[in-house]
Protein chains: 2
Amino acid sequence: MKASLKSIAKDLNISPGTISRVLNGKAKEYRISEATVKRVKAYAQKVGYTPNLVAKSLQASKSFTIGLILPDISNPFFSTMAKHIEQQASAMHYSILLMDSDEQLEKETKALQQLYSRKVDGIILCPVGFEGSHYKEQFKDMGIPVVFVDRYLKGIDVPFVSSNNYKGAYDAVEFLIQKGHKTIGLIQGDQKLLTVNEREKGFKEALQDYNISFNANLLLGNGFNEENGYVSMLQLLKEKNKPTAILCMSNQICMGVLKAAKELQLNLPQDLSIISFDENPYAEYITPSLTTIKQHNDKMGAKAFNLIYDLIQDQKSEDPSFLIDTEIIERGSIFDLL
Amino acid sequence: MKASLKSIAKDLNISPGTISRVLNGKAKEYRISEATVKRVKAYAQKVGYTPNLVAKSLQASKSFTIGLILPDISNPFFSTMAKHIEQQASAMHYSILLMDSDEQLEKETKALQQLYSRKVDGIILCPVGFEGSHYKEQFKDMGIPVVFVDRYLKGIDVPFVSSNNYKGAYDAVEFLIQKGHKTIGLIQGDQKLLTVNEREKGFKEALQDYNISFNANLLLGNGFNEENGYVSMLQLLKEKNKPTAILCMSNQICMGVLKAAKELQLNLPQDLSIISFDENPYAEYITPSLTTIKQHNDKMGAKAFNLIYDLIQDQKSEDPSFLIDTEIIERGSIFDLL
DNA sequence: CTGAAAGCGCTTACAG
DNA sequence: CTGAAAGCGCTTACAG
């Protein structure tokens, strides 16, 4: 039989209230006698008392739990974020209820309901939907704070933490230009995503700042997946004005590009330079080793937790959204034209 | 203000008990009049009633939550497992409380306590410790079912699901032998792990079955990490009787091997053939493309959930432990000597 | 210094 | 067919 305040109270002939008070370190505050404090602590120790957190949650209407909804936890990009969120959370005595929306809006909606029912104190969400209004509707009556991570939306007033996608793309293009590239292709993720729009903007502005005219034929694709990378790459190589370098908006797009390059027996990076968003542990061992735009999703995760944590403490927090700079990890996939 | 049974009861002038009964689909059972059923349902719908699961958990002493403790959620090996566990769980209306032990026994212990306090219905654990007795002590009074996943221990009666590590290693060596290799190195993970022992056994027995004498100098290493792969590889190449092929016990070990090979400018796979445990999405694009021993951790995850689920339903379940066969994914890192 | 009581939101055996 | 009551394990304002 597990010990409860009640059982201890009975055994010790002290009221449950008092037991609660000493076990919660409120002995001083309530001026409880040294004697009883000692007795209670010793006995609790002896019977191995552990507080029932669900009872505590019910009475406090606070669960010390936060919900985390990710589109694909098996993707290292998200799982490293999850790791850092969990790390921060457990340091602050919060637990994580994890849900995988599998990029499906329906599952996400269910997850949100579930989390609400479970009375989490806050939610960190990487949304799979595009419409702010859709979410606004859902969050409206929940009455619990929400924070977006990685992806975010306009038309809804939810703080977010994301990479500085604009700058990431800008820097990448600038980097390419500095190596002498002037004809640069861009393979995009889903165009409904704000993060994708930001990157596109960075791409275009960098070209502009360096007086390179933008060729719309070199901007294509519409998805973060490998298939899109593959198809777009094939398309790109058919252009009369073929790119000498290519910027991939994700890991998986890059894999599709690599696949196409392999099939076509391109000689990388001489025939084509590649730079891609998202770092990966194998980048070093691919041929050529991959120059990447690393997103600091460890920081993103930690920051997302801190944000939701602050929000839980006191709702006030003016425009707490946060952009984290990316970093170019230079390896061997960019050919120096100069 | 969120609706509760009580608030609805008050608004409708019906007792909370009755509200509870109709909302839980027990109207028939309690022969509640069609009229009230309709009223209640309509009103609950209107005010958007959602049950408070923490209250429900408290009263039922059942939380429909399971705890998942993994040594490193950022590792794709574990995160794909997590994904499939979550998928199964949510299909059965269970939620996952995720904890990352970060390969530290201390964090694992805390996680276990936390989960116990949170009254999860069961725990899926990939243990970082080695001693059965250590865990036996901890699980003894918890009174909630536990299942090991991937790693398991002797000296403790806890069901587990893992890869068939013995067979995985055996098959790999056999595969190598069939390509004409006779001098085969093995770089191990942590030797205190049963899974590592099993693989070692498979390695040795395959050699034996093919009448190849075992050379203890070719078996080395003691950790799943990259560093160990690197150091062991260097060591291995100093042998008078250098291996023509090498079996790595993990992804990360393999990366260390690749790193060393690159530094030494080995010509792979001619100079050295490589086969490694753990599939990875980049295996195709590494040079040479990597032949791997794939662990089906999707199945492992799903099975682990099913196991704990059964255990939660009724404790009986005789020797439910489960080994899942691995699969060799043949690519280009094995040189055919024949 | 400590206890009795009420309440967090639910469910269910007991009555009628 | 439906209500009142007790209880899940906790905490805390109120008394004394």
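Within 6.0 Å of NZ in A:Lys46 there are 12 or fewer heavy atoms belonging to other residues, nucleotides or ligands. Counting non-hydrogen atoms of neighbouring residues, nucleotides and ligands closer than 6.0 angstrom, the CD atom of B:Glu29 exceeds 12 such neighbours.
A cation-pi arrangement is present between B:Lys119 and B:Tyr116, with the terminal nitrogen or guanidinium carbon under 6.0 Å from the aromatic centre and inside a 45° cone about the axis.
The distance between atom NZ of A:Lys38 and atom P of C:dC1, rounded to the nearest whole Å, is 14 Å. The distance between atom NZ of B:Lys62 and atom P of C:dG9, rounded to the nearest whole Å, is 23 Å. The separation between B:Glu34 atom CD and D:dT2 atom P is 11 Å, rounded to whole Å. For the pair A:Lys28 NZ and C:dC1 C1', the computed distance is 12 Å after rounding to whole Å.
In this structure, CZ on A:Phe78 lies 9.0 Å from CD1 on A:Ile73, to the nearest 0.5 angstrom. Put simply, CG on B:Leu125 and CZ on B:Phe160 are 13.5 Å apart, with the number rounded to the nearest 0.5 Å.
Side-chain contact between B:Arg39 and B:Tyr43 is absent, with no heavy-atom pair separated by less than 4.5 Å. Looking at heavy atoms from C-beta onward, B:Ile308 lies in side-chain contact with B:Phe305 at the 4.5 angstrom threshold.
Among the heavy atoms of the strands lying under 4.0 Å from A:Thr36 are primed sugar atoms or P, OP1, OP2 only; no base atom is included.
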So what is the 5' to 3' dot-bracket string for DNA chain D, if pairs are Watson-Crick or G-U wobble with both distances under 3.5 Å, crossing pairs use [ ] and | means the partner sits on another strand?
|||.||||||||.|||
Output a table of donor-acceptor pairs, distance under 3.5 Å, between side-chain atoms of residues 127-138 of chain A and any protein atom two or more places apart or on a different chain; print 'none' if there are none.
residue, atom, partner, partner atom, Å
A:Glu131, OE2, A:Ser133, OG, 3.2
A:His134, NE2, A:Gln138, NE2, 3.0
A:Tyr135, OH, A:Glu108, OE1, 3.4
A:Tyr135, OH, A:Glu108, OE2, 2.5
A:Tyr135, OH, A:Val128, N, 3.4
A:Tyr135, OH, A:Gly129, N, 2.8
A:Lys136, NZ, A:Gly155, O, 3.3
A:Glu137, OE2, A:Lys140, NZ, 3.2

Reading nucleotides 10-16 of chain D from 5' to 3' and marking B where a protein heavy atom lies under 4.0 Å of the base, S where only the sugar-phosphate is that close, and - otherwise, the string is BBBB---
